[in-house]
Amino acid sequence: AVQHRLWPEIDKMVKQQVAMARMGIGECGTGWQLFAEDGEMKMYRREEEVDGMVVDPLKAVHVVKGITGHEVCHYFFSPKYRYDWETTLEHMTVLETISDDTLMFLQTHKRIWPASQREAVFWSHMRKLPNDQDRDGPDMWTVVNNSTEDPSHPANVGKCVRIYLTVCLLCQTRVHPPKDGTPITRDNVSCKITYCSVVNPGGWAPASVLRAVYKREYPKFLKRFTTYVINQTKSKPIMF
Ligand SMILES: CCCCCc1ccc(-c2ccc(S(=O)(=O)CCO)cc2)cc1[C@H]1C[C@H]1c1ccccn1
């Protein structure tokens with residue numbers, strides 16, 4: 001099949017983001033602060049500014065029982081579920097279906113006073129990754145979202161300020177087979193989720209406002225999303 005113009009960028013970005021997501025917090029360089037904890041979920045951020053704008057990288061690790069990496073990535077990637085779990089979303093459009101595992105999105109997010117409303121244009125790619133560490137271990141799944149230009153949607157022409165984001169959701173399924181050889185149920189699976197994101201707010205927004213928003217929104221987002229996947233999958237066959 002003819003390669004899409006974005007394919008080389010997508011492939012390079014996915015490999016780079018997954019490599020970083022797999023690194024432990026200790027290996028990710030210094031300056032990570034644990035800023036939220038809820039049961040198994042630990043959320044770290046690093047204070048970083050670009051041109052005086054807060055772009056604090058975020059890294060969250062979470063272990064959720066009863067769901068698999070394929071399921072987590074499926075519900076994160078598919079546009080048809082997004083309004084159910086993404087509370088700050090005002091509008092979402094699929095601008096282009098690049099392939100069955102790669103979409104281009106336009107999203108506008110609810111305005112957060114006193115900043116102006118934000119929008120994002122990004123490609124989103126979902127991929128199963130060979131578990132190169134442990135050959136017979138379960139595979140890993142990932143979704144990478146990365147801002148891109150779209151000639152038909154130039155940045156900052158309307159009322160919305162264009163943000164620039166790079167997001168990586170990396171999922172590693174764990175299976176604990178029952179001792180008595182009975183079939184695997186949801187009690188025997190869990191998923192280690194690593195969520196990394198860097199959001200450049202695009203236009204000036206007060207550092208104090210941005211940091212307060214990230215501190216409030218990110219833990220809420222990950223908790224709500226994982227709870228959503230648990231509820232959507234509990235009565236369905238396991239998707240490995
Ligand atoms: C003055 C505020 C400027 C930034 C507002 C803003 C915009 C987009 C985003 C965002 C866009 C995409 C993603 S995703 O992971 O790719 C999923 C698909 O939606 C995630 C987060 C974040 C925020 C910041 C609110 C903060 C915030 C944090 C977690 C959730 C919602 N809002």
Side-chain angles (χ1 to χ4, degrees), residues 10 13-14 17-18 20-21 35-36 38 41 43-45 48-62 72-95 102-127 141-148 155-156 158-171 193-229:
I10 291 171
M13 200 63 185
V14 168
Q17 286 299 313
V18 167
M20 277 173 53
F35 78 90
D38 177 357
M41 183 184 77
M43 207 159 254
Y44 304 84
R45 73 165 173 210
E48 231 168 80
E49 300 197 3
V50 167
D51 306 333
M53 283 185 300
V54 165
V55 293
D56 299 356
L58 179 120
K59 183 165 185 154
V61 285
H62 196 1
V72 172
C73 287
H74 171 73
Y75 287 98
F76 186 77
F77 173 77
S78 308
K80 66 181 172 201
Y81 308 111
R82 195 157 297 175
Y83 285 111
D84 297 345
W85 55 265
E86 176 67 286
T87 51
T88 68
L89 196 58
E90 183 171 272
H91 191 64
M92 170 195 66
T93 314
V94 175
L95 296 175
T102 311
L103 301 171
M104 179 100 85
F105 288 98
L106 164 63
Q107 293 192 167
T108 54
H109 286 257
K110 289 174 183 147
R111 182 167 179 255
I112 294 169
W113 186 86
S116 36
Q117 188 170 24
R118 259 60 185 183
E119 68 172 22
V121 170
F122 58 92
W123 53 256
S124 181
H125 175 70
M126 177 162 126
R127 181 182 297 190
W141 282 84
T142 190
V143 175
V144 175
N145 294 344
N146 191 53
S147 288
T148 187
N156 303 321
K159 62 183 173 14
C160 288
V161 171
R162 178 70 55 90
I163 66 165
Y164 298 92
L165 59 88
T166 301
V167 166
C168 178
L169 178 72
L170 178 70
C171 298
I193 299 172
T194 304
Y195 175 85
C196 301
S197 105
V198 180
V199 174
N200 180 321
W204 187 80
S208 54
V209 167
L210 272 175
R211 291 201 162 114
V213 162
Y214 293 160
K215 195 171 171 68
R216 183 185 71 232
E217 292 295 337
Y218 275 112
K220 200 165 79 177
F221 152 75
L222 200 55
K223 186 104 189 119
R224 181 181 169 89
F225 172 65
T226 50
T227 304
Y228 175 77
V229 177

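The model shown is predicted, which means the values in this text are computed figures rather than measured ones. Each ligand, and each atom within it, is numbered from 1 in the order the structure gives. Excluded from the calculations below are hydrogen atoms, water molecules and symmetry mates; all remaining heavy atoms, backbone and side chain alike, are included.
Below 4.0 Å from some heavy atom of Val213 lie the following atoms of ligand 1, by number and element: 25 (C), 26 (C). Set against the non-hydrogen atoms of Val167, the atoms of ligand 1 under 4.0 Å away are 15 (O), 16 (O).
Heavy-atom contacts from other residues, nucleotides or ligands closer than 6.0 Å to CE of Met20 number 12 or fewer.
In terms of protein heavy atoms, atom 27 (C) of ligand 1 is closest to Glu217 CB, 3.5 Å. Looking only at heavy atoms of the protein, atom 8 (C) of ligand 1 is closest to Ile163 CD1, 3.3 Å. Of the protein's heavy atoms, Glu86 OE2, 2.5 Å lies nearest to atom 19 (O) of ligand 1. With respect to atom 23 (C) of ligand 1, the closest heavy atom belonging to the protein is Tyr214 CE2, 4.5 Å. Ranking the protein heavy atoms by distance from atom 1 (C) of ligand 1 puts Ala115 CB, 3.5 Å first. The nearest heavy-atom contact from the protein to atom 4 (C) of ligand 1 is Arg118 CG, 4.2 Å. The single protein non-hydrogen atom nearest to atom 12 (C) of ligand 1 is Leu165 CD2, 3.6 Å, given as residue, atom name and distance. Of the protein's non-hydrogen atoms, the one nearest atom 31 (C) of ligand 1 is Thr88 OG1, 3.3 Å.
Between the side chain of Thr142 and the backbone N or O of Leu169 there is at least one donor-acceptor pair closer than 3.5 Å. Formation of a donor-acceptor pair under 3.5 Å by the Arg45 side chain with backbone atoms of Lys59 is not found in this model. Asn200 places no side-chain N or O within 3.5 Å of a backbone atom of Val55 that could act as its donor or acceptor partner.
With a heavy-atom cut-off of 4.0 Å, Leu169 does not touch ligand 1 at all. Residue contacts with ligand 1, taken as heavy atom pairs separated by less than 4.0 Å, do not involve Val209 at all. With a 4.0 Å cut-off on non-hydrogen atoms, Gln107 touches ligand 1 through its side chain and not its backbone.
Between Leu103 and Pro79, some side-chain heavy-atom pair lies under the 4.5 Å cut-off.
In this pair, Phe225 and Phe76 present their aromatic rings perpendicular. The plane angle is above 60°, beyond the 30 to 60° band.
In terms of polar-atom proximity, defined here as any N/O pair under 3.5 Å, His109 makes no such contact with ligand 1. Backbone and side-chain nitrogen or oxygen atoms of Tyr195 are examined, and one is located within less than 3.5 angstrom of a nitrogen or oxygen of ligand 1. Backbone and side-chain nitrogen or oxygen atoms of Tyr218 are examined, and none is located within less than 3.5 angstrom of a nitrogen or oxygen of ligand 1.
Nearest heavy-atom pair, Gly203 versus Met53, reported as atom, atom and distance to 0.1 Å: O-SD, 3.5 Å.
With Asn145, Thr108, Ile112 as candidates, the residue nearest to atom 16 (O) of ligand 1 on a non-hydrogen basis is Asn145. Checking Asn146, Leu222, Leu210 against atom 3 (C) of ligand 1, the nearest heavy atom belongs to Leu210.
Ligand 1 is approached by Phe76 to a heavy-atom distance shorter than 4.0 Å.
A donor-acceptor contact under 3.5 angstrom links the side chains of Glu90 and Gln117, judged on distance only. Donor-acceptor pairing under 3.5 Å is recorded for the side chains of Asp84 and Tyr228.
The distance from the CG atom of Asp56 to the CG atom of Leu210 is 8.0 Å, given to the nearest 0.5 Å. Note that the OG1 atom of Thr166 and the CG atom of Asn146 stand 4.0 Å from one another [nearest 0.5 Å].
Ring centers of Tyr195 and Phe221: under 6.0 Å apart, within the cut-off.
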